[in-house]
Amino acid sequence: MCGVSLMKDGLNKRPVFAVLADYLDLEFNNKALNGITDFVKEKGINVICLVGGNLESPYSWERNRNILFRLPDDKTVDGIIVLSSLIGQYVSPEEFGKFCRGFHGLPVVTVSEWIEGLPAVLIDNESGMNELLTHLIDHHRISRFAIIRGPKGIPDAEERFQTCIMSLRKHNIPVNTDAIIEAPFGITSGIWAVEQLLDRNKAEFEAIIAPNDHTALGAMKALQMRGIRIPEDVAVVGFDDISESRFSFPALTTISQPIYDLGKASAGILYDIIRGADSSVPIRTLPTQLVVRESCGCHLHDCTTEEAPIADPVDVREPFDVVFSRNREMIQADLINTLLELNPVRKAPFFRNIDLILNSFSLAVKERKSENFLRVWEEISRQLLEEGYTPFIFASLLTRLRKHMLKCITDYRNLLFAEDVFFQAISKTSYQSTETQITDYVVQHSMVTRLNAFFGTLGMARDIEQQVHIMQMGIPPLNFKSFFLVLYDQQEDAGPEKEILSGRIVLGCQDDKCIISMKESKNLPFNDIFPKGILPHCGEFIFVVEALFLGNDQIGFFVIGLKNFSHSFSEDIRTQLSTVLRNTILLDRIKTLTNNLHRLAEGKNNDMAKINQSLRREVKKMQDILTGNESTISPDAGEDIRIQKALHYIEANYNNDISLDELAENVFMNPVYFSNFFKAKTGTGFLEYLTSLRVEKALKLLSNPQLTVKEIAAMVGYKDANYFGKIVKKYTNLLPTEYRQKVLTGRETRDLTKECQ
């Protein structure tokens, strides 16, 4: 394994996991990556995330990313996590399985897709979709469904669709095929699917079941644009529980899958495998959970658990602390369950904070002093907001806490005091949420502004060397932990299918210092660039690798060292850096082409000068003849020289476009006069003579089986192979392929001169 080999070489003592992802701007990938990084930080493992797009995508801007999937091997990493089944949405399951097994015997763990013989972490799609359908049927009495099935190449989407069908049949609800639409994942796909259901299929339905939240949000938008109310006219449900679904209008009822836990579990399985803890092939299936919101017809309070009663009846004569103490364990357990429903991440510090919240609130009620509780609440909520918890969770927690606490308070004045404390806590949370959002916006806006200014300066550089120098000065202030830039040697029209043989690291920055410069860079084989050129410089790292390309030109890749995967800006950097480098490469090619054209023009000028000198000599010779003995004068001597010069020019340029005007100008004659002159001297017109010569050359080339008919047509001056075939048949009564077959089989051929007459 790579980890062993690296330790043997003394390059790196930490194991390395490669994570293969299609894109980083997807919430699924970000949450799963955060789960992976939380695990590896605890275990002392490094991570390389290769953002390689979709395999064999029909779009070059996706397919060109695939080159990064060639980087991981046993010299680079100890194991691989294939993060999303979306990577293989354009290939068959067999091809995707072959891809996952093709990493030189390295252990591979897949997420959200099972490959025979490989360990995997999966989602219980079946139970989740069954729970969603049962809720719609039993709770809302819905019996007419429209189903948007996801792409057939995605196992999760297919399993969800098949579960829908089986669940409907189990409830004796007929399946309307006109109300089933296949569409890719995405908001635009959801809009398109609704248009097809309503306009083309004329389907009637009470609810739309989407394969994921993005598609559901698109469907909601399409319905609302038509004036169809949600959920009054049509209910809409999704699957995933992404952040947008909580803040849509109405909020989306969906199935929450523990994406963070998917990532963490996949890293745990891979860690156990490389340690040799288990020889079996582990398959873990994580549970899902129904999240009820307004889009199905429920109300906001349905998002939390059902009301939990106080354990014992409250005696109005009992003081608050006695009632609270008796019910404390039940209240604490209920609040934890509420958090588990709202947030599947399940971080232990959050649960410990509940105990602190209960203690500070009970003390505030007894002393009627709110300062301590509000300070505790503010500190806890600020800390958890920074860790990515949403204000929705805090509001739900406060609502739940209020329901319990108000039942424990028997004194009217304490009741009014508690209500005021809760109002202040909610106000503080709202303020903190707004403050956090503004801070995040300012940080992101500042980073975008700095990146734009940096790439603006970079775009003004004259060549690659100057650009690398600017990056050397400008990258450290951007506060990346590390940054490496690799440029391939084969850049022109490399494409994803063509092999990149080698490249070099032209820049390396780490901890605000330049550790590799362009002058120090050396060419390395493609698969050696990563371990030999980059890993030896790093101890602990989390790397993101993005491909640099534009069109079919593969330029290279860059590596960013991060603390976490939020706000990485790697895609923005990839787009701008690709454009800047590609423009410079094109400029270098234009300069080279211009120099070559100058040299070619100089050569042509020299050739023309020689021809002119030869013509002058011939004219001088004719003048000498005319001024000499009249018996030696030939009336056609000057014309013979001109026709020979014309025929020589045709012979030299028959495979190019030659016009009559061009030829007449070459022999210093009027084009109209030259046309008659040429026919009088050769017995045929200019075009007929040129065509005859081209056919003569082509028939000789057809005897070479290594050349295609299209290539031969181009070689003798015909861009259109079909037109070339008609010309050959006119002269030989045979198509080019027939003529070639006749020659190659040794059949008798006609005399070449007769064929061309």
Side-chain angles (χ1 to χ4, degrees), residues 1-21 29 31-50 69 71-85 87 97 99-123 258-287 345-348 527 530-532 534-545 561-565:
M1 291 183 183
C2 170
V4 176
S5 65
L6 287 177
M7 284 189 281
K8 285 182 178 179
D9 294 338
L11 300 179
N12 198 320
K13 296 182 180 180
R14 297 166 63 91
V16 181
F17 287 178
V19 180
L20 309 187
N29 290 345
K31 284 185 176 180
L33 282 166
N34 283 325
I36 293 171
T37 52
D38 281 354
F39 179 87
V40 299
K41 285 177 181 178
E42 296 174 2
K43 301 297 182 181
I45 302 169
N46 291 335
V47 174
I48 303 169
C49 180
L50 300 160
F69 292 150
L71 283 174
D73 57 23
D74 54 2
K75 296 181 295 185
T76 316
V77 301
D78 295 284
I80 294 173
I81 298 172
V82 182
L83 188 56
S84 171
S85 59
I87 290 177
F99 166 77
C100 292
R101 297 188 191 94
F103 292 99
H104 313 285
L106 284 168
V108 176
V109 178
T110 61
V111 176
S112 294
E113 181 157 355
W114 177 74
I115 303 294
E116 186 175 0
L118 295 181
V121 184
L122 308 174
I123 287 295
I259 303 172
Y260 173 92
D261 291 342
L262 280 173
K264 195 166 188 177
S266 66
I269 290 174
L270 187 57
Y271 180 68
D272 290 340
I273 291 173
I274 66 172
R275 294 174 64 211
D278 192 352
S279 59
S280 62
V281 180
I283 305 294
R284 285 193 60 185
T285 301
L286 302 185
V345 172
R346 298 192 284 274
K347 290 186 177 179
N527 287 97
F530 214 85
K532 290 185 179 179
I534 295 175
L535 296 188
H537 300 283
C538 303
E540 177 182 350
F541 61 77
I542 298 173
F543 278 158
V544 169
V545 186
L562 302 171
K563 294 180 180 179
N564 55 57
F565 289 99

Taking all heavy atoms of [X] and all of [Y], pick out the closest pair and write down the distance.
X: Leu106; Y: Asp74; result: CD1-N, 3.9 Å
X: Cys100; Y: Val108; result: O-CG2, 3.4 Å
X: Gly44; Y: Pro15; result: O-CD, 3.6 Å
X: Pro258; Y: Pro287; result: CD-O, 3.2 Å
X: Ile273; Y: Val109; result: CD1-CG2, 4.3 Å

side-chain contact (heavy atoms from CB on, under 4.5 Å) partner of Leu20, chosen from Leu71, Ile80, Leu83: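 With Leu20 as partner, Leu71, Ile80, Leu83 yield a single side-chain contact (heavy atoms from CB on, under 4.5 Å), made by Ile80.
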Side-chain donor-acceptor pairs under 3.5 Å in residues 111-119, sequence neighbours left out?
none

Nearest-0.5 Å distance that lies between atom [atom1] in [X] and atom [atom2] in [Y]:
X: Thr37; Y: Lys264; atom1: OG1; atom2: NZ; answer: 9.5 Å
X: Leu262; Y: Lys31; atom1: CG; atom2: NZ; answer: 11.0 Å
X: Asp38; Y: Leu33; atom1: CG; atom2: CG; answer: 11.0 Å
X: Ile259; Y: Ile123; atom1: CD1; atom2: CD1; answer: 7.5 Å
X: Leu122; Y: Ile283; atom1: CG; atom2: CD1; answer: 6.0 Å

Residues forming a ring pair (Phe, Tyr, Trp, His ring centres under 6.0 Å) with Tyr271, sequence neighbours excluded: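 Partners of Tyr271 by the ring pair (Phe, Tyr, Trp, His ring centres under 6.0 Å) criterion, ordered by chain and then number, come out as Phe39.
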Residue pair Phe541 / Ile48, side-chain heavy-atom distance below 4.5 Å: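 Of all side-chain heavy-atom pairs linking Ile48 with Phe541, at least one is under 4.5 Å.
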Note, Val77 side chain near Phe103 side chain (heavy atom, < 4.5 Å):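 A side-chain contact under 4.5 Å is absent here.
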